[in-house]
Amino acid sequence: MINVKNILEEYKGEYGAVVYCTKTNNLICSYHPDFIIPLASVGKVLVGYVVAKYIEEGVLSWNSIINHVSFDSKEDSHIIYPHLQKRTSLPLSTMIEVMIACHDNVIANHIVSYIGGWEKVNNKLWDENFSSFNLTKNPQDTQNYGSINDLLYILIKIYDGYQTQPEIFIPLITGMVRQQDAHRQIPKQYLAHMTGGLHDLILDIGILGHFSKNPYIFVIAGNNVPNRLKNSESDNNVANILFDVYREWRKSMVHHNANI
């Protein structure tokens, strides 16, 4: 087990962390797993999951075209997807990818309107036994929340779904791979993730390690932390924990290779 309890208890604010090993199918870190936190932009991964379930059920198609598309000018789709900026219609699969990769609220609202509204998204999450989630149109709304544990298990479902039905889950995975929030000490190819944040919240969820070599799945969160607009203390804290998880994955790979 990765022991982060003593470290997290020293930080200012309320922290939680869960890490899951895809090789052993066990938790290797669990600190405040029932912690309910604001989701901020991380809720977009949950929207993607709901759409993927509808694709799996045959209710929707990734090839469906959404019309009257526009982008959030405050986000970075003009950098990551410059070739899409003049497009006014896009396939649903591309919309999901852009929404996750770019934290794009405008694209998220296009998608949710297309599939029937935010109430329908929440009902689908609850039907899937993720009862802690409540998503709202505004990612900064305090009513946009969920538990760390549910975040972890929805990521596990996405990861496992990609192993067995990649054509259904690839837009979500690609969006997390394209995410531009990099870690200064972790090679980009070893981190497929989604970040969320408010002035007093920092949240990072994703898949850490070589994607095809037993990666770890993680959720790390800090709430009621010192104002992130004034200093980077909390961001550094989460980055440090994430690097510790990465080093643990690297050690597991050395051990695995030594036993081959």
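All residue numbers in this chain count up from 1 along the given sequence.
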Evaluate the side-chain proximity of [Y] to [X]: yes if any heavy-atom separation is below 4.5 Å, no if none is.
X      : Y      : value
Asn129 : Tyr153 : no
Phe71  : Val106 : no
Ile148 : Leu152 : no
Met176 : Leu155 : yes
Tyr145 : Thr136 : no
Asn236 : Arg184 : yes
Ser64  : Tyr114 : yes
Leu172 : Ile96  : yes

Strictly by modelled atom types, are [X] and [Y] linked by a side-chain donor-acceptor pair under 3.5 Å?
X      : Y      : answer
Asn237 : Tyr15  : yes
His78  : Ser73  : no
Tyr246 : Gln185 : no
Ser70  : His68  : no
Asn105 : Lys137 : no
Asn25  : Tyr20  : yes

(request) Examine Lys157 relative to Phe130 and say whether NZ or CZ is less than 6.0 Å from the centre of the six-membered ring and inside a 45° cone about the ring axis. (result)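 Verdict for Phe130: no cation-pi partner in Lys157.
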
Does [X] use its side chain to pair, donor to acceptor, with the backbone of [Y] at less than 3.5 Å?
X      : Y      : value
Asn122 : Leu135 : yes
Gln85  : Ser77  : yes
Asp204 : Ile220 : no
Trp62  : Leu92  : no
Ser147 : Asp150 : yes

(message) Closer than 4.0 angstrom, basic N to acidic O: yes or no for Lys124 and Glu128?
(response)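 Result for this pair is yes, salt bridge flagged.
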
(message) How close do Ile100 and Gly175 get, counting heavy atoms only, and between which atoms?
(response)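 Minimum heavy-atom separation between Ile100 and Gly175: CG2-C, 3.7 Å.
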
(request) Search all heavy atoms of Pro91 against all heavy atoms of Arg87 and return the closest pair with its distance. (result)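 Heavy-atom minimum between the residues: CD-NH2, 4.4 Å.
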
(message) My understanding is that only one of Gln180, Met99, His103 makes a side chain to side chain contact (heavy atoms under 4.5 Å, CB included) with Glu75; could you say which?
(response)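 With Glu75 as partner, Gln180, Met99, His103 yield a single side chain to side chain contact (heavy atoms under 4.5 Å, CB included), made by His103.
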
